[in-house]
Protein chains: 2
Amino acid sequence: MAANSQFSMAVHVLAMLAHSGDDNVKSECIAASVNTNAVVIRRLLGQLGQAKLVTSQTGASGGTRLARAPHEISLCEIYKAVSCGEVFALHAKSPSQDCPVGRNIEAVLCNLQKEIDKAVGEKLGQYTLASVISQVETAKA
Amino acid sequence: MAANSQFSMAVHVLAMLAHSGDDNVKSECIAASVNTNAVVIRRLLGQLGQAKLVTSQTGASGGTRLARAPHEISLCEIYKAVSCGEVFALHAKSPSQDCPVGRNIEAVLCNLQKEIDKAVGEKLGQYTLASVISQVETAKA
DNA sequence: CTAACTGTAACTATACTTGTTACAGATATG
DNA sequence: CATATCTGTAACAAGTATAGTTACAGTTAG
């Protein structure tokens with residue numbers, strides 16, 4: 001299990017929170033739906049909390065709720081919050097600087113990487129948590 | 001070193017091959033520029049060969065060359081050839097089917113994944129190996 | 001005060017990428 | 001034809017990221 005599924009989990013979690021309105025939801029409850037451990041969920045909620053997407057309460061009858069309305073949360077924000085990293089990685093080791101191609105390829109790839117990330121961000125920005133929920137609802141029918 | 005840098009390496013390798021025109025290039029030579037082991041390069045060339053982007057010759061004075069002109073090779077093809085996988089992964093374990101959200105979220109995320117991959121493919125499709133080379137050349141100046 | 005939560009550290013398991021060695025098979029060249 | 005020079009590929013080690021799990025400190029409602 002090495003593939004990064006944090007974004008998928010995050011969307012799932014936030015959709016559940018949206019479903020529960022203003023009620024605090026416990027990490028155990030979310031974990032049951034996502035089918036994983038509560039600590040994994042709390043780790044994820046920590047990242048979403050830092051991104052100001054959710055707020056949590058400690059203590060008895062504590063839990064987590066959305067910090068904003070679903071239509072004010074874009075999928076792009078979620079993606080950035082869990083920092084899934086880049087679509088592709090640059091060279092692990094620097095290429096040979098003695099080679100005319102190796103010397104310059106990194107800069108070109110770096111620019112390309114930025115463009116791709118931007119394209120992904122823009123595509124994700126077309127959707128909000130609210131639109132995800134409405135898709136979940138219509139699928140149910 | 002777990003991040004997938006195969007796409008970066010592939011573009012680098014193909015740019016080198018383009019630089020060498022119709023001459024066979026040895027894996028050792030490419031490996032020196034990419035700063036890695038020749039076997040790693042041969043593995044990569046194997047994938048690029050299956051995608052019909054390069055042709056290789058075994059035996060003495062063998063090596064690899066481009067199968068097509070650089071302007072006929074889009075970055076999207078390269079991306080697909082090295083199968084970098086998806087931008088984000090779906091759930092590792094299936095969500096709980098007892099939860100109204102969990103039951104339907106997978107399909108929604110799957111569609112989203114396809115859309116993102118399509119957006120990435122389209123963006124990459126705007127570039128060819130030739131355009132990468134021209135960027136490398138101008139950076140050199 | 002106590003029970004019920006979150007937050008977080010620490011450790012393990014798993015899996016993926018890369019690096020490396022080794023060797024079989026193909027082929028140009030003398 | 002013999003040989004040196006390549007590719008193709010298997011097999012294994014090493015490094016690293018994600019995820020699962022246990023444990024426990026800190027917070028808060030009742």
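None of these values were measured; they are calculated from a predicted model. In what follows, chains are A, B, ... by sequence order, proteins preceding strands, each numbered from 1.
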Colleague: Starting at CZ of B:Arg65 and ending at P of D:dC6, how long is that distance when rounded to a whole Å?
Modeller: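 So the two atoms are 15 Å apart, to the nearest Å.
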Colleague: Does B:Arg42 put a side-chain nitrogen or oxygen below 4.0 Å from OP1 or OP2 of D:dG8?
Modeller: no
Colleague: What is the separation between atom CD on A:Glu28 and atom C1' on C:dC5, rounded to the nearest whole Å?
Modeller: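 Taking CD of A:Glu28 and C1' of C:dC5, I get 10 Å after rounding.
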Colleague: Using the side chain to side chain donor-acceptor pair (under 3.5 Å) definition, which of the options A:Asn24, A:Thr55, A:Asp22 pairs with A:Arg65?
Modeller: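 Between A:Arg65 and the candidates, side chain to side chain donor-acceptor pair (under 3.5 Å) is satisfied uniquely by A:Asn24.
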Colleague: With heavy atoms under 4.0 Å as the rule, sort A:Thr36 into base, sugar-phosphate or nothing.
Modeller: sugar-phosphate
Colleague: Using atom CD of B:Glu86 as one end and atom P of C:dC16 as the other, report the distance to the nearest whole Å.
Modeller: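 Rounded to the whole Å, the gap is 14 Å.
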Colleague: Considering only C:dG19, D:dA19, D:dG8, which nucleotide approaches the side chain of A:Gln6 most closely?
Modeller: D:dA19
Colleague: Take B:Leu75 and A:Leu112, measure what side chain to side chain contact (heavy atoms under 4.5 Å, CB included) needs, and give me the verdict at the end.
Modeller: CA-CA 10 Å; B:Leu75 297 195; A:Leu112 180 64; 3.6 Å; yes
Colleague: Take the protein atom CG of B:Leu44 and the nucleotide atom P of D:dT9, then report the distance between them rounded to whole Å.
Modeller: 14 Å
Colleague: At under 4.0 Å, does any side-chain N or O of B:Ser56 touch on OP1 or OP2 of D:dT7?
Modeller: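 No, no such contact exists.
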Colleague: Please tell me if the side chains of B:Leu45 and B:Ile30 come closer than 4.5 Å, counting only heavy atoms from C-beta onward.
Modeller: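 A side-chain contact under 4.5 Å exists here.
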Colleague: Using a heavy-atom cut-off of 4.0 Å across all strands, would you classify B:Val25 as base, sugar-phosphate, or nothing?
Modeller: sugar-phosphate
Colleague: Among the candidates C:dG7, D:dT22, D:dA10, find the nucleotide nearest to the side-chain atoms of A:Asn37.
Modeller: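 Of the options given, the side chain of A:Asn37 lies nearest D:dT22.
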Colleague: Find the distance B:Ile41:CD1 to C:dT18:P and express it as a whole number of Å.
Modeller: 10 Å
Colleague: Calculate the interatomic distance between A:Phe7 atom CZ and D:dA19 atom P; express it in whole Å.
Modeller: 14 Å
Colleague: Can any side-chain N or O of A:Glu77 pair as donor or acceptor with the backbone N or O of A:Ser74 at less than 3.5 Å?
Modeller: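 The answer is yes, because a donor-acceptor pair under 3.5 Å joins these two groups.
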Colleague: Can you give one letter per nucleotide of nucleotides 25-30 of chain C, going 5' to 3': B for a protein heavy atom under 4.0 Å from the base, S for sugar-phosphate only, - for none?
Modeller: -BBB--
Colleague: Nearest whole Å is fine: how far is D:dT7 P from B:Leu17 CG?
Modeller: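 About 11 Å, once rounded to whole Å.
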Colleague: Of the candidate nucleotides D:dA10, C:dG19, D:dA19, which contains the atom at the shortest distance from the side chain of A:Ser5?
Modeller: D:dA19
Colleague: Without decimals, in angstroms, what is the distance between B:Lys26 NZ and D:dC6 C1'?
Modeller: 8 Å
Colleague: Looking only at heavy atoms, what is the nearest atom pair of B:Pro70 and B:Ala18, with distance?
Modeller: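 Closest approach of B:Pro70 to B:Ala18: CG-CB, 3.9 Å.
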Colleague: Could you report the tightest heavy-atom contact between B:Lys26 and B:Gly62, atom names first, then the distance?
Modeller: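 Looking at all heavy atoms of both residues, the closest pair is CG-O, 4.1 Å.
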Colleague: Quick one: on DNA chain C, does A:Arg43 or A:Gly46 contact a more 5' nucleotide (nearest heavy atom)?
Modeller: A:Gly46
Colleague: Is it true that A:Tyr127 and B:Glu115 share a donor-acceptor pair across their side chains at a distance under 3.5 Å?
Modeller: yes
